[in-house]
Structure formats: structure tokens, C-alpha cells
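Residues: numbered from 1 along the sequence shown.
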Amino acid sequence: MDYYADTGLEFVGLSDGRPKDKFGLAMAYAHVSPRARALDFDFRRLLTPDWPPRSFEGLVTAVYQYELRAGWTLQPNFQFIVRPGAARRARSPLFPARLLKTRKSSVFEPCLSSDASVSGASVARH
């Protein structure tokens with residue numbers, strides 16, 4: 001990666017009835033360096049023509065933190081990833097795990113957490 005940028009916004013108390021709830025949006029962009037891209041093209045020429053040249057990876061994420069009761073929150077997190085691994089396609093026989101199409105990906109991850117602590121560590125369930 002030769003450069004990376006991210007930004008985000010968080011809004012707290014969007015409703016008078018839910019003053020501790022939070023909503024956030026974030027974006028990230030990672031660009032693959034020209035030297036790394038040149039290496040991809042070398043692999044493509046030497047090993048297999050299906051080697052995916054990397055270019056960039058993008059991410060858009062949205063999160064809402066809902067306070068269930070004092071000290072307990074539920075926080076669903078949705079992520080949309082453009083070009084996971086920074087590659088447009090991945091069909092290399094050298095890496096069987098990369099046989100899936102990797103153009104776009106979505107992730108939804110709910111998380112339940114508490115402000116309570118056990119031996120100094122906070123409790124979180126994913």
C-alpha cells in the first residue's frame with residue numbers, strides 16, 4: 001500500500017427518546033503501490049495468466065449502537081467492501097482459497113456488550 005485514507009462521522013442522541021444511542025458512518029480507501037502492482041504482473045507473466053493484479057480496496061461501514069438498558073448495548077455493524085484483497089478477480093490455482101469471486105463483499109456483525117467488568121476486563125459478545 002502506498003497510501004491509505006479513512007474518515008467517519010458519529011451522531012449521538014438523534015432522538016430525544018434515545019439520547020445515548022449512536023449512529024456512525026465511515027469510509028476507507030487503500031491504494032496498492034506501483035511496485036506491488038508490478039510484482040503482480042510479474043507473477044502473472046511467470047506463473048499464471050489468471051493472477052489478479054491488485055489496485056485498491058474500499059470500505060463503507062454503518063453502525064448503530066442501541067442502549068438496551070444502562071450499561072448494556074447492542075451494536076449491529078454493516079460493512080460493504082469493494083475489491084476485498086485489492087484484487088478484481090482471483091482464480092489462481094496456486095491459492096485455492098482465492099477461487100471465490102472477490103469483486104464485492106458485505107459483512108453484518110451484531111455485537112452485545114456490557115460496561116460490567118470481570119477482573120478488570122470488559123465483557124463483550126460477538
Side-chain angles (χ1 to χ4, degrees):
M1 300 290 157
D2 59 347
Y3 62 88
Y4 171 87
D6 63 30
T7 188
L9 295 170
E10 183 176 66
F11 304 95
V12 181
L14 292 174
S15 157
D16 291 337
R18 311 261 346 134
K20 293 187 178 180
D21 285 7
K22 299 176 183 177
F23 174 72
L25 289 173
M27 297 182 301
Y29 177 84
H31 185 265
V32 176
S33 71
R35 291 179 72 183
R37 283 182 56 81
L39 181 63
D40 289 341
F41 284 108
D42 288 344
F43 281 151
R44 186 177 213 168
R45 188 177 18 189
L46 296 172
L47 300 175
T48 175
D50 289 333
W51 189 272
R54 296 166 292 166
S55 59
F56 76 92
E57 179 174 307
L59 167 74
V60 176
T61 186
V63 63
Y64 187 86
Q65 188 177 69
Y66 178 83
E67 185 180 51
L68 299 171
R69 65 178 199 197
W72 285 89
T73 58
L74 177 64
Q75 180 174 313
N77 179 4
F78 178 78
Q79 298 180 350
F80 181 73
I81 304 166
V82 178
R83 292 189 179 187
R88 181 176 296 214
R89 57 191 169 99
R91 288 187 239 161
S92 175
L94 299 174
F95 298 98
R98 297 186 78 183
L99 292 175
L100 300 172
K101 290 183 179 180
T102 57
R103 291 190 180 157
K104 296 179 181 142
S105 176
S106 298
V107 177
F108 176 74
E109 175 188 36
C111 177
L112 178 64
S113 65
S114 168
D115 291 341
S117 62
V118 178
S119 301
S122 64
V123 177
R125 294 188 180 148
H126 295 274

Trainee: Determine whether a donor-acceptor pair (N or O, by modelled atom type, separation under 3.5 Å) exists between the side chain of Gln79 and the backbone of Thr61.
Mentor: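 No: the side chain of Gln79 does not pair with the backbone of Thr61.
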Trainee: Not counting sequence neighbours, which residues clear side-chain hydrogen bond (donor to acceptor under 3.5 Å, both in side chains) with Asp42? List them please.
Mentor: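 Residues passing side-chain hydrogen bond (donor to acceptor under 3.5 Å, both in side chains) with Asp42: Arg45.
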Trainee: Is there a path of hydrophobic side-chain contacts, each under 4.5 Å between heavy atoms of I/L/V/M/F/W/Y residues, joining Met27 to Val82?
Mentor: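 Different clusters: Val82 never reaches Met27 through Ile, Leu, Val, Met, Phe, Trp or Tyr contacts under 4.5 Å.
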Trainee: Applying side-chain contact (heavy atoms from CB on, under 4.5 Å), can you list everything that pairs with Leu39, at least two apart in sequence or on another chain?
Mentor: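 side-chain contact (heavy atoms from CB on, under 4.5 Å) list for Leu39, sorted by chain: Phe43.
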Trainee: Looking only at heavy atoms, what is the nearest atom pair of Tyr64 and Pro76, with distance?
Mentor: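 Scanning both residues, the minimum pair turns out to be O-CD, 3.0 Å.
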Trainee: Are Val12 and Leu9 connected in the hydrophobic side-chain network, where two residues link if heavy atoms are under 4.5 Å apart?
Mentor: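 No; Leu9 is not reachable from Val12 via cluster members.
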Trainee: Linking I/L/V/M/F/W/Y whenever their side-chain heavy atoms sit closer than 4.5 Å, directly or via other members, would Tyr66 and Trp72 fall into one cluster?
Mentor: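 The answer is yes; both residues are in one hydrophobic cluster.
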Trainee: Do Tyr29 and Phe80 sit in the same hydrophobic cluster, where Ile, Leu, Val, Met, Phe, Trp and Tyr count as joined when their side-chain heavy atoms come under 4.5 Å apart?
Mentor: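 Cluster IDs for Tyr29 and Phe80 match.
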Trainee: Which atom names give the shortest non-hydrogen contact between Ala62 and Leu25, and what distance separates them?
Mentor: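 Answer, listing the atom of Ala62 first, then Leu25: CB-CD2, 3.7 Å.
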Trainee: Run the side-chain contact (heavy atoms from CB on, under 4.5 Å) test on Met1 and Val32 for me, step by step, so that the C-alpha distance in whole Å, both residues' side-chain angles and the decisive distance to 0.1 Å come before the verdict.
Mentor: CA-CA 4 Å; Met1 300 290 157; Val32 176; 4.0 Å; yes
Trainee: Taking all non-hydrogen atoms of both residues, which atom of Asp21 and which atom of Glu67 are closest, and how far apart?
Mentor: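 That would be OD1-N, 3.0 Å.
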Trainee: Would a distance-only check, ignoring hydrogens and angles, find a side-chain to backbone donor-acceptor pair under 3.5 Å from Arg54 to Arg83?
Mentor: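 Answer holds: no.
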Trainee: Which residue is it: Arg37, Arg35, His31? I am looking for the one with a side chain to side chain donor-acceptor pair (under 3.5 Å) to Asp2.
Mentor: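 Output: one option passes, namely His31.
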